[in-house]
Amino acid sequence: MAQMSDLFVGWFAEHWLLIVPIAVVLLLWSGLTALAKRYVFHILHMQSEVNRRVMGSDRAERVLRTGQAAVATVLDSHDTGMRVEFIYVMVRLKLRVQPEGGLPAYETELDAPISPVKLADFAPGRSVKLRFDPVSREIAIDQPMR
């Protein structure tokens with residue numbers, strides 16, 4: 001044990017000038033690591049915001065909360081080629097919306113992220129429950145898509 005401490009003291013006496021550069025390198029390394037982590041978390045947050053916008057989550061949540069009930073018939077559906085979270089198929093649906101309460105029917109299109117398991121529920125000719133805003137005619141699907 002005494003030999004080991006003698007070796008350390010000998011090394012320290014010879015190389016004491018290296019302590020400051022080593023400390024600077026370690027501080028820079030830890031600072032850059034912290035910045036890199038912050039950057040990665042920022043990128044992940046931005047990606048989740050992009051996913052929410054692509055999926056129309058904000059608009060859909062508002063329409064689901066405040067909209068009126070309706071039933072729509074799927075006139076056409078096709079894959080847009082986009083995927084959300086590597087799982088959900090972004091499908092463009094052409095719908096004929098029949099609002100409850102005697103309002104006139106209308107046609108609209110909606111891009112919706114749908115689980116591959118639920119794709120058959122959104123095939124042409126199928127009925128879909130949804131909610132709509134009578135003023136803006138925005139719609140949101142009110143049945144499981146995942």
Side-chain angles (χ1 to χ4, degrees), residues 4-5 7-9 11-12 14-146:
M4 191 167 234
S5 66
L7 283 175
F8 178 74
V9 169
W11 182 89
F12 187 77
E14 268 186 56
H15 303 289
W16 66 272
L17 290 174
L18 292 177
I19 290 177
V20 171
I22 289 172
V24 168
V25 167
L26 290 175
L27 284 173
L28 284 174
W29 178 260
S30 66
L32 290 174
T33 302
L35 283 174
K37 285 180 184 177
R38 188 173 177 186
Y39 181 73
V40 166
F41 287 126
H42 178 71
I43 294 294
L44 290 173
H45 174 72
M46 286 175 50
Q47 182 63 45
S48 71
E49 285 299 313
V50 167
N51 283 345
R52 285 180 57 82
R53 286 189 183 159
V54 166
M55 292 175 18
S57 297
D58 298 335
R59 178 189 48 79
E61 288 170 5
R62 181 184 55 78
V63 173
L64 285 172
R65 256 190 345 265
T66 62
Q68 297 178 3
V71 175
T73 303
V74 178
L75 301 176
D76 188 27
S77 68
H78 67 275
D79 185 350
T80 64
M82 291 177 39
R83 299 295 178 265
V84 177
E85 298 175 3
F86 301 108
I87 298 171
Y88 305 107
V89 179
M90 188 62 89
V91 176
R92 177 160 293 135
L93 299 169
K94 185 173 183 180
L95 304 167
R96 179 161 182 79
V97 179
Q98 181 59 56
E100 294 178 356
L103 293 172
Y106 64 95
E107 289 184 12
T108 188
E109 287 189 359
L110 173 71
D111 289 348
I114 300 174
S115 168
V117 175
K118 297 284 187 178
L119 281 175
D121 294 344
F122 297 91
R126 301 293 300 256
S127 291
V128 177
K129 290 191 268 183
L130 52 86
R131 293 199 162 277
F132 79 104
D133 182 347
V135 176
S136 67
R137 290 191 165 190
E138 291 179 324
I139 61 173
I141 296 174
D142 195 17
Q143 71 182 44
M145 296 185 294
R146 298 177 184 203

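Values reported hereafter were calculated over all heavy atoms of this structure, with side chains retained and with hydrogens, waters and symmetry mates removed. Remember, predicted model here, so these are calculated numbers, not experimental data.
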Taking all non-hydrogen atoms of both residues, which atom of [X] and which atom of [Y] are closest, and how far apart?
| X | Y | answer |
| --- | --- | --- |
| Ile141 | Leu64 | O-CD2, 3.7 Å |
| Pro134 | Gln68 | CG-NE2, 3.6 Å |
| Pro99 | Ala70 | CA-CB, 3.8 Å |

Using the side-chain contact (heavy atoms from CB on, under 4.5 Å) rule, take Arg137 and Phe132 through it: C-alpha gap first, then chi angles, then the decisive distance, then the call. CA-CA 6 Å; Arg137 290 191 165 190; Phe132 79 104; 5.5 Å; no

Could you check whether any side-chain heavy atom of Val97 comes within less than 4.5 Å of a side-chain heavy atom of Glu107, counting everything from C-beta outward? no

What's the verdict on side-chain contact (heavy atoms from CB on, under 4.5 Å) for Arg83 and Val89, showing C-alpha distance, side-chain angles and the deciding distance? CA-CA 5 Å; Arg83 299 295 178 265; Val89 179; 3.8 Å; yes

Run the side-chain donor-acceptor check on residues 20-46: report pairs under 3.5 Å with partners two or more places apart or on a different chain.
residue, atom, partner, partner atom, Å
Ser30, OG, Leu26, O, 3.4
Ser30, OG, Leu27, O, 3.0
Thr33, OG1, Trp29, O, 2.7

Separation between CG of Leu93 and OG1 of Thr80, rounded to the nearest 0.5 Å: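 Separation between the atoms: 10.0 Å.
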
Gap between atom CD1 of Ile139 and atom CD of Glu109 - 0.5 Å precision: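 Spacing of CD (Glu109) from CD1 (Ile139) equals 10.0 Å.
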
Considering only residues two or more places apart or on different chains, which pairs with a residue in residues 92-105 satisfy side-chain hydrogen bond (donor to acceptor under 3.5 Å, both in side chains)?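 Qualifying pairs, neighbours excluded: Arg92-Asp111.
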
Assess whether side-chain contact (heavy atoms from CB on, under 4.5 Å) is satisfied between Thr108 and Leu110, documenting all intermediate values. CA-CA 7 Å; Thr108 188; Leu110 173 71; 5.8 Å; no

For residues 113-129, please give each side-chain donor-acceptor pair under 3.5 Å, one per line with the distance, not counting sequence neighbours.
residue, atom, partner, partner atom, Å
Ser115, OG, Val117, N, 3.3
Arg126, NH1, Ala120, O, 3.3

Checking Val63, Leu95, Val71 against Leu130 for side chain to side chain contact (heavy atoms under 4.5 Å, CB included), the one that qualifies is Leu95

